[in-house]
Participant: 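Below: one structure in C-alpha cells.
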Amino acid sequence: MVEGYLLSVYYDRERETAAAKLYIEEENEVRIVYLSREHRPYLLTNIPPEKLSKMPEVVGHKGFLRVEEVTKHDILKDIDVTLTKVVAKDPLAIGGRAESLREVIKRVSPGAKVWEADIKYRNCYIYDKLLIPGMRYRAANSGELELIKPRISEEKEREILSKLEDKDKEALQVAKEIVMLLEEEAPSIEALALDIEVETTQHNVIPDPKEARQRVISIGLASSDSSKPPRILLLAKSHDLDEEYIKQSSILKNAEIVTYADEKALIMEALKVLEKAPLLVTFNGTNFDLPYLRHRAQKLGIPDSDIPIVAKRDHYTLRKGVHIDLHKVFSNKSLKNYVYGGRYREVSLDAVSQAILGERKRTPPKEFTTESITRIAEYCLYDTLLTLKLFTYRNNMLLKLLFLFMRISKLSIEDVASTGISNWIKNMMYFELRRRRYLIPTPEEVLNKGRTVTTAKIKGKKYLGAIVIKPKPGAFFNVACLDFASLYPSIIRKYRISFETINCPHSACKSNRIPEVNHWICKKVRGIFPLIVGILRDIRVGWYKSASKDKRLPEDIRSWYEAVQQSLKVFLNASYGVSGAETYPLYCPPVAESIAALGRYAIQKSLEIASAMGVEVLYGDTDSLFIKIRSEEDVEKLEKEIESKLGMDLELDKIYRYTVFSERKKNYLGVSEDGTVDVKGMTGKKRNTPRFIREAFQRALEELRNVKTPDDLEKAKLRIIEIVREARRKLVEKRLTLEELAFEVMLSKPLDKYEKTTPQHVKAAKMLQERGEVVATGKIIAYVKTKTREGVKPIELATIDEIDVEKYEEYLFSTFEQLLDALGIDYETLRTKTATLDQFF
DNA sequence: CTACTCGCCAAAGGCG
DNA sequence: CGCCTTTGGCGAGTAG
C-alpha cells in the first residue's frame with residue numbers, strides 16, 4: 001500500500017496508461033503508481049453514434065476504440081444535450097497530430113462540432129477521477145487513488161465558513177472542500193539544486209545543448225537537507241586543484257569536492273544522484289543543464305536506462321522525481337508581482353538573487369577550461385547554492401505556494417511551475433465544469449455571448465476600464481484612504497458575472513441590466529465563476545488575511561497562512577483580467593466589460609455619497625477614495641452609509657498624517673503617522689531613473705517623513721530645493737560616475753522587432769551588439785545621454801566628458817517638479833531659483 | 001485587464 | 001525644397 005502526496009499525473013506512452021508520481025514523506029522518495037487503464041482519452045461531438053459508425057475514417061482509425069452516447073448540460077444555452085463520446089486508445093489519437101480524430105472528424109464532416117478535444121489527457125484524467133494534486137492519496141492495487149482527508153476541527157471550519165456571503169448548500173459544499181485544501185500543510189520535500197559548467201574557449205557563447213559538443217567540466221549539487229554538504233564534481237586531477245584557494249573560499253571549504261579524470265564517470269555519478277532525487281531545482285535547467293546532460297551522456301555511450309532525465313513536449317523532467325525550473329517560475333508574472341512584489345525585473349539568476357536574497361553571482365572566470373578548475377568550481381557551486389536558496393527562501397515559501405496553486409488549480413506541480421495564471425484558472429474552471437457534467441464550451445461559443453459596447457480611454461483597448469478621480473493638488477493633513485477589499489472579485493460574486501450568466505438565453509432575465517453597458521445577467525443561475533471566485537474572496541478577506549498576521553498563532557501556522565492568503569490573492573487578482581485576455585479559452589469581453597462597469601458604478605456612487613455627506617474627496621483610483629478627515633466618526637459614518645446604500649464594504653485602509661497630490665493622476669505621496677512614506681508613480685522612484693536622481697529624491701523623502709505640521713513642510717521645501725541644487729552642482733562639475741548617470745531600461749522584444757521607432761535604449765543596445773555582445777530580450781540596457789550624434793551611448797562605451805549635462809538637468813528638474821509643483825513651487829521657479837542661488841558659489 | 005505619465009521619435013504641417 | 005515647429009503615438013514603467 002502506497003501513501004503519499006500527489007505531485008503529478010502524466011501519460012506513460014510505453015505502458016499506455018496514466019501514471020501518478022506520489023511523494024512518500026517518510027522515505028523521502030517519489031513512487032510511481034500506474035493508474036486505472038479503464039480510463040481512456042476521448043472527445044465529444046454532435047454527430048450521432050450511428051452516423052459516426054459509418055465513417056470509415058473514424059472507426060477505421062488506428063487509435064479508435066468505441067463510441068458512447070452521453071448527456072451533458074450546455075450551460076450557455078441552459079439545456080441538456082445528448083452527444084457522442086468518441087473514445088480512443090491513446091491521447092495522440094484524439095489530438096496533437098494532423099491525423100488525430102479531432103482533425104479527422106472536422107475534415108470528414110465539416111458541419112460537425114467537436115468539444116473537449118484539446119484538453120491534455122493528464123488533466124482529463126484528473127477531472128474525471130476528481131483528483132486534487134498536492135493532496136495525500138492512498139494508491140489501491142486497482143490503480144485507483146483514494147484521497148486521505150485531512151482532519152480539520154469542526155469549530156475552525158464553522159468559523160471560516162461563517163465568513164461566506166453565500167451560504168446555500170452548493171456554496172457550503174464547495175467551500176468545505178476548498179477549506180480542506182487550504183488547511184492541510186505542504187510536506188517539506190528535500191530539494192536538490194543542480195548547476196553544470198561546460199568547457200568553452202569562446203567568451204559569451206553558450207554551448208548548444210542539442211549538440212553537446214564540449215565536455216562537462218563541473219557539476220554542482222546542493223541539497224536542502226542541511227546535514228548533507230554541498231558537492232562539486234569536477235573534471236580534473238586532484239593535483240590540479242588550488243588547495244590554498246579552497247581553504248580561503250567560504251564556498252569551497254565546506255564543500256565535498258570530487259575529482260574525475262574521466263568525463264563519463266563524472267556524468268554517471270551525477271545521474272546516479274538524479275535518479276534518486278525526489279525534487280530537482282535548477283535555474284534554466286529546461287533550456288540548458290538537463291538537455292545538455294542528457295545529450296552528452298548519450299554521446300558518451302551511457303545507456304538510456306541509466307539516464308534518468310526525460311524530455312517532454314515542452315519541458316525536461318526526471319524519470320522518477322520532478323523538476324522545477326526557477327527560470328520559468330520567476331518568469332511567471334503573477335508570482336513576480338503579487339508574491340515577490342515586483343522586486344526584480346530581469347529574470348536572470350543574478351538579478352533575481354540580488355533582488356530577493358541580496359546576493360549577487362560571482363564573476364565568472366574568463367575561460368572555462370580545466371586550467372582554471374578551482375575558480376570554475378567556486379563559481380559553479382555558488383550558482384548552485386543561489387538556486388537552492390531561492391527555492392527554500394523564507395521557510396520554503398515557494399514550495400508551499402506551489403502546493404497551494406496545485407490544489408486550487410488541480411494542475412500537476414510541473415504544470416504549475418511552468419505555466420501562467422490563465423492556464424491555472426482555466427484548469428480550475430474545467431475541473432469544476434466537468435465534475436458537474438457541464439459541457440466545456442469552445443472559445444467560439446463563449447465569444448458569441450456578445451461584443452463590447454463601451455469605448456476605452458486608451459486607443460487600441462477593447463473596453464472602458466476604471467475611473468481615476470482627478471486629484472486636488474496640494475498638501476493635506478489628516479487624510480484617510482478607504483478602499484473596497486477585492487473590488488472586482490466582490491463584483492463577480494455579488495452580481496454573478498460569468499460567461500454563462502451574461503446575456504443568458506432566458507427572456508425573463510433581460511430586465512436585469514448592468515449600468516452603462518447593455519448586457520444583462522441571468523436571474524436563474526449563479527454561474528460557476530462567481531461561486532468559486534466568491535468563496536476564494538470571502539475566505540481570504542474574512543479569515544486567512546487576518547489569521548496570517550495573528551501573533552497569537554504559532555510561527556509555522558502563520559507562515560502557512562501567509563502562503564494561503566498569498567496564493568488566494570494571486571487567483572483573485574487575475575480573476576477579472578483573464579476574462580478580458582484573448583489567450584484565455586473562456587475569454588468573454590462582455591464579462592470583463594461588465595465587471596469594469598460595475599466597478600465604476602461602485603466608486604462613482606461612493607463618491608456621490610461622500611459628497612452628499614459633506615466629506616471632501618481628495619483623490620481616488622479604481623477602488624479607493626482619499627478623504628479629508630474632519631472627525632473620527634466621519635469615516636465610520638461614511639462606511640456605514642456606503643454599506644447600506646451600495647451593499648459593499650468600503651473600508652479604512654490607511655490614515656496619513658498628510659498627503660501630497662499634484663494635478664497628475666496615479667502620482668502622489670503620503671506620510672503615515674509612523675513616518676513611512678508611500679510614493680506612487682513618481683519618476684524619482686522608477687527603476688529606470690538614473691541613480692543620482694533617485695538618491696536625491698530619496699533624500700527629499702527623508703525630509704518629508706519628518707514633517708509634522710504645515711510649518712515643518714515649509715522648511716522642508718527649502719531643504720528640498722537645496723538637495724536639488726546640490727545634485728545639480730555634482731552633475732555640472734561631473735562628480736558622478738557613469739553608473740550613477742545610467743538609465744536602466746529593459747529590452748522588451750528582440751532588437752529587430754523595433755520597427756516603428758528606435759528608442760534610446762534600443763540605440764544603445766544596437767551599439768553593444770555591433771561590438772559582438774549578445775543582447776537578448778529581457779536584458780536591461782544601461783545607457784547615458786551624450787552629446788554625440790546619436791544622443792546616447794551604453795555605459796560600456798561612454799566617457800564622462802561626453803555626457804549631455806543639459807539633458808540631465810532637465811530630467812532632474814522634471815523629476816522634482818512632480819513633487820514640488822504640488823507644494824507650490826513651479827518648474828520655472830525651481831529652475832531659476834536653483835540657477836540663481838548657484839551663482840553665489 | 002485598463003489608465004496614466006514621461007521622453008523621445010518620426011511624420012506632418014507651416015514657412016520662406 | 002529644406003528647415004523648423006507641432007503633434008501623434010510608441011515604448012517603458014507604473015497604479016490598481
Side-chain angles (χ1 to χ4, degrees), chain A residues 333-334 337-338 341-342 345 420-422 425 452 454-471 481 483-489 491-492 569 572-584 587-589 591-597 599-600 602-603 619-626 653 662-670 678-690 693-694 743-749 753-765 778 780-781 783 785 790-792 804 807-808 810-811 813-815 817-818 821:
Chain A
K333 285 191 186 105
S334 297
N337 292 326
Y338 301 127
R345 269 192 296 179
I421 182 72
S422 92
I425 294 183
T452 56
T454 55
T455 317
K457 300 231 152 193
I458 305 169
K459 229 175 162 181
K461 301 287 178 192
K462 291 167 285 195
Y463 57 90
L464 189 60
I467 292 177
V468 187
I469 299 167
K470 238 165 109 184
C481 173
D483 69 356
F484 291 106
S486 301
L487 175 68
Y488 289 156
I491 286 170
I492 292 168
K569 184 165 119 186
L572 291 170
N573 281 340
S575 60
Y576 148 75
V578 291
S579 301
E582 281 162 59
T583 49
Y584 178 62
Y587 169 58
C588 191
V591 162
E593 181 181 45
S594 301
I595 298 167
R600 291 194 299 275
I603 203 75
Y619 176 60
D621 186 349
T622 311
D623 57 358
S624 68
L625 287 183
F626 288 71
D653 175 39
S662 65
E663 275 160 352
R664 301 166 190 82
K665 293 172 172 181
K666 297 183 184 284
N667 205 283
Y668 65 91
L669 176 152
D678 290 344
V679 188
K680 302 289 179 182
M682 294 194 172
T683 306
K685 213 189 72 171
K686 286 187 164 184
R687 280 178 295 195
N688 56 354
T689 302
I693 298 179
R694 277 201 332 256
F743 287 83
E744 295 185 349
V745 179
M746 187 161 78
L747 270 182
S748 67
K749 52 188 177 185
K753 289 279 152 63
Y754 289 87
E755 282 155 350
K756 285 166 184 145
T757 56
T758 314
Q760 293 204 310
H761 68 294
V762 176
K763 282 186 182 164
I780 290 174
I781 308 294
Y783 67 86
K785 291 180 193 282
E790 294 278 12
V792 284
D804 188 336
K807 277 269 195 303
Y808 276 95
E810 290 300 311
Y811 207 89
F813 291 147
S814 70
T815 300
E817 198 193 9
Q818 291 184 340
D821 71 0

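What you see is a predicted model; the values in this text were computed from it and never measured. Note that these values count all heavy atoms, side chains included, but never hydrogens, waters or copies made by symmetry. Residue numbering restarts at 1 for every chain, and letters A, B, ... go by the order of the sequence lines.
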Participant: By nearest atom, which of the nucleotides C:dG9, B:dA3, C:dA12 is closest to the A:V745 side chain?
Facilitator: C:dA12
Participant: If you apply the rule ring pair (Phe, Tyr, Trp, His ring centres under 6.0 Å), what do you find for A:Y808 with A:F813, and how did you get there?
Facilitator: CA-CA 9 Å; A:Y808 276 95; A:F813 291 147; over 10 Å; no
Participant: For a quick check of understanding: with a heavy-atom distance under 4.0 Å over all strands, which category does A:K470 fall into, base, sugar-phosphate or nothing?
Facilitator: nothing
Participant: Can you tell me the distance, in whole Å, between the CG atom of A:N573 and the P atom of C:dG16?
Facilitator: 13 Å
Participant: From NZ of A:K462 over to P of B:dA3, roughly how many Å is that when rounded to an integer?
Facilitator: 12 Å
Participant: Please check: side-chain N/O of A:K462 versus main-chain N/O of A:G580, any donor-acceptor pairing under 3.5 Å?
Facilitator: yes
Participant: State, yes or no, whether a side-chain contact exists between A:Y463 and A:S594 at a heavy-atom distance under 4.5 Å.
Facilitator: no
Participant: Can you see if the side chain of A:K685 gets near the phosphate of C:dG13 - specifically, an N or O under 4.0 Å from OP1 or OP2?
Facilitator: no
Participant: Report the distance from atom CG of A:D621 to atom P of B:dC4, rounded to the nearest whole Å.
Facilitator: 8 Å
Participant: Tell me, yes or no, whether the heavy-atom count around A:K333 atom NZ, taken from other residues, nucleotides or ligands under 6.0 Å, exceeds 12.
Facilitator: no
Participant: Rounded to whole angstrom units, what separation is found between the CD1 atom of A:I458 and the P atom of C:dT14?
Facilitator: 17 Å
Participant: Can A:K785 be said to sit on top of A:F743's aromatic six-ring, NZ or CZ under 6.0 Å from centre and within 45° of the ring axis?
Facilitator: yes
Participant: To the nearest angstrom, how far is A:I469 atom CD1 from B:dA3 atom P?
Facilitator: 15 Å
Participant: From OH of A:Y576 over to P of B:dT2, roughly how many Å is that when rounded to an integer?
Facilitator: 6 Å
Participant: Base, sugar-phosphate or nothing for A:A456? Non-hydrogen atoms, less than 4.0 Å.
Facilitator: sugar-phosphate
Participant: Could you list the residues that satisfy ring pair (Phe, Tyr, Trp, His ring centres under 6.0 Å) with A:Y587, not counting sequence neighbours?
Facilitator: none
Participant: Would you indicate, yes or no, if B:dT2 has its OP1 or OP2 atom less than 4.0 angstrom from a side-chain nitrogen or oxygen of A:K461?
Facilitator: yes
Participant: What is the distance, to the nearest angstrom, from the CD1 atom on A:I781 to the C1' atom on C:dG11?
Facilitator: 14 Å
Participant: Anything under 3.5 Å between a protein N or O and an N or O of nucleotides 6-10 of chain B, put it in a table, one pair a line.
Facilitator:
{"from": "B:dC6", "atom 1": "OP1", "to": "A:R664", "atom 2": "NE", "distance (Å)": "2.5"}
{"from": "B:dC6", "atom 1": "OP1", "to": "A:Q818", "atom 2": "NE2", "distance (Å)": "3.4"}
{"from": "B:dG7", "atom 1": "OP1", "to": "A:S814", "atom 2": "OG", "distance (Å)": "2.6"}
{"from": "B:dC8", "atom 1": "OP1", "to": "A:K785", "atom 2": "NZ", "distance (Å)": "2.5"}
{"from": "B:dC9", "atom 1": "OP1", "to": "A:K763", "atom 2": "NZ", "distance (Å)": "2.9"}
{"from": "B:dA10", "atom 1": "OP1", "to": "A:T758", "atom 2": "N", "distance (Å)": "3.4"}
{"from": "B:dA10", "atom 1": "OP1", "to": "A:T758", "atom 2": "OG1", "distance (Å)": "3.4"}

Participant: Nearest heavy atom decides the nucleotide; on that basis, is A:M746 or A:Y338 closer to the 5' end of DNA chain C?
Facilitator: A:M746
Participant: By nearest nucleotide on DNA chain C, pick out whichever of A:Y619 and A:N688 is the more 5' one.
Facilitator: A:N688
Participant: Taking only side-chain nitrogens and oxygens of A:Y668, does any of them come within less than 4.0 Å of OP1 or OP2 of C:dT14?
Facilitator: no
Participant: Is the shortest side-chain N/O distance from A:H761 to OP1 or OP2 of C:dA12 below 4.0 Å?
Facilitator: yes
Participant: Looking across every strand, which nucleic acid part, if any, lies under 4.0 Å from A:Y463 by heavy atom: base, sugar-phosphate, or nothing?
Facilitator: sugar-phosphate
Participant: Let me know the distance between OH of A:Y754 and P of C:dG9, rounded to the nearest Å.
Facilitator: 20 Å
Participant: Under 4.0 Å between any heavy atoms, over every strand shown, what does A:S748 touch: base, sugar-phosphate, or nothing? Just pick one.
Facilitator: sugar-phosphate
Participant: For a quick test of reading the model: is some side-chain N or O of A:K665 closer than 4.0 Å to OP1 or OP2 of B:dC4?
Facilitator: yes
Participant: Ignoring backbone atoms, test whether A:K753 places a side-chain nitrogen or oxygen under 4.0 Å from the OP1 or OP2 oxygen of C:dG11.
Facilitator: no
Participant: Here's a test of your reading of the structure: between A:V578 and A:I467, which maps to the more 5' nucleotide of DNA chain B?
Facilitator: A:V578
Participant: Under a 4.5 Å cut-off applied to non-hydrogen side-chain atoms, are A:D621 and A:I469 in contact?
Facilitator: no
Participant: Regarding A:M682, tell me which of base, sugar-phosphate or nothing describes its non-hydrogen contacts under 4.0 Å with the strands shown.
Facilitator: nothing
Participant: Under a 4.5 Å cut-off applied to non-hydrogen side-chain atoms, are A:H761 and A:Y754 in contact?
Facilitator: yes
